[in-house]
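A quick write-up on the structure given underneath.
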Amino acid sequence: MKNFNNRLGFIWLDGRFVKWNQAKLHVLSHGLHYASCVFEGARIYNGKIFKLNEHTKRLFFSSKILGFKLPYKEKVINKVCEEIVKKQKIKNGYLRPFAWRGSEMMAISAQNTTIHVAIATWEMSTYFDKRKKFNGIKLKTSKWIRPPSNTAPTQAKAAGLYMICTLSKHIAEKKGFDDSLMLDSNGYVAESTGANIFFVKNNKLYTPIADCFLNGITRQTVIKLAKKNNIKIIEKRILPRELLKADEIFLTGTAVEITPISQIDNKKFNVGEITKKLISLFSDLVEKN
Ligand SMILES: Cc1ncc(COP(=O)(O)O)c(C=O)c1O
């Protein structure tokens, strides 16, 4: 992967476009030390940002949960997102708007810090390599669990929540897997490190209730697509042993889009017809974007 600290073009930082390699923050930023940082990830298809409004709304919602207010209106952020995609000439890529507390206070309490906002974008194809995106990826069950909703702001897309995701994913990768399956504090299936999970059993679609992890924008889109296409969808608590009896399993997320699962721990799965149908419906939808 090309290094992210020195690329051509611009990043929007605190109200202006600055040269990519000059988009810097102070080392004593609260966001870096205490994770007071929220972010978004959206996809660009054919030069257009998919579900931009939904992503911007979630960025504001996440910052509200973390107790800070962005110094811009949603419509300004939307406009800048569109501008930077054009300026960077992105055709198919990724957009990363984010906000964090600055360096005025270096302590747990940080009520009077400046709120910084930046937006960057880059070309991106599939999250996993193309062969895996088609044939499925391998998940390893993580020893880390999704935190219960009274121990962390689980509905926010907040930097702090990703510490256990990076730890989990590194362990999985070291063992030859692509990603981790994370359970919740009651032992039910939650999600992967950066995507929601669905499975198919007897032609019905199942997904866990999103009460301790992000109710992903792609998850919501896939649920709508399923309903529109008469695929029965059930949100419920799912034990790992039920997941392992599935006919098909897949992940959904902005980065992974819809990615089939070919293996969880030692158990193998095929890429089934409902997964293929949803992939095709999703790709029609983003084409129409
Ligand atoms: C931990 C986690 N869960 C789920 C998702 C899926 O969310 P979305 O479909 O909105 O990208 C993401 C990606 O944003 C994520 O990081």
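For clarity, every value in this text was computed on a predicted model and none was experimentally measured. In this chain, residues are counted from 1 in sequence order. Order of appearance sets the numbers: ligands from 1, and atoms from 1 within every ligand.
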Between the main-chain N or O of L32 and the side-chain N or O of S29, is there a donor-acceptor pair closer than 3.5 Å?
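The answer is no, because no donor-acceptor pair under 3.5 Å joins these two groups.
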
- Lys/Arg N to Asp/Glu carboxylate O, R146 vs E191, below 4.0 Å: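 Answer for the salt bridge query: yes.
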
Report the C-alpha separation of E242 and K236 in whole Å, then their side-chain angles, then the decisive distance to 0.1 Å, and conclude whether the salt bridge (charged side-chain N to carboxylate O under 4.0 Å, His left out) test is met. CA-CA 11 Å; E242 189 177 357; K236 68 177 202 98; 2.9 Å; yes

**Message:** Once salt bridge (charged side-chain N to carboxylate O under 4.0 Å, His left out) is applied, do any residues pair with D265, and if so which ones, sequence neighbours excluded?
**Reply:**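 With neighbours one apart ignored, the set is empty.
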
Is there a donor in the side chain of T114 and an acceptor in the side chain of E104, or the other way round, less than 3.5 Å apart?
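Their side chains do contain a donor-acceptor pair, which is all the 3.5 Å distance test asks for.
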
- Is the charged tip of K133 near the ring of Y127: under 6.0 Å from the six-membered ring centre and within 45° of its axis?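 No, K133 does not sit over the ring of Y127.
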
Under 4.0 Å from ligand 1, counting heavy atoms only: the protein residues, by chain and number:
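Contacts of ligand 1 under 4.0 Å: R58, K157, Y162, E191, T193, G194, A195, N196, L214, G216, I217, T218, G253, T254.
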
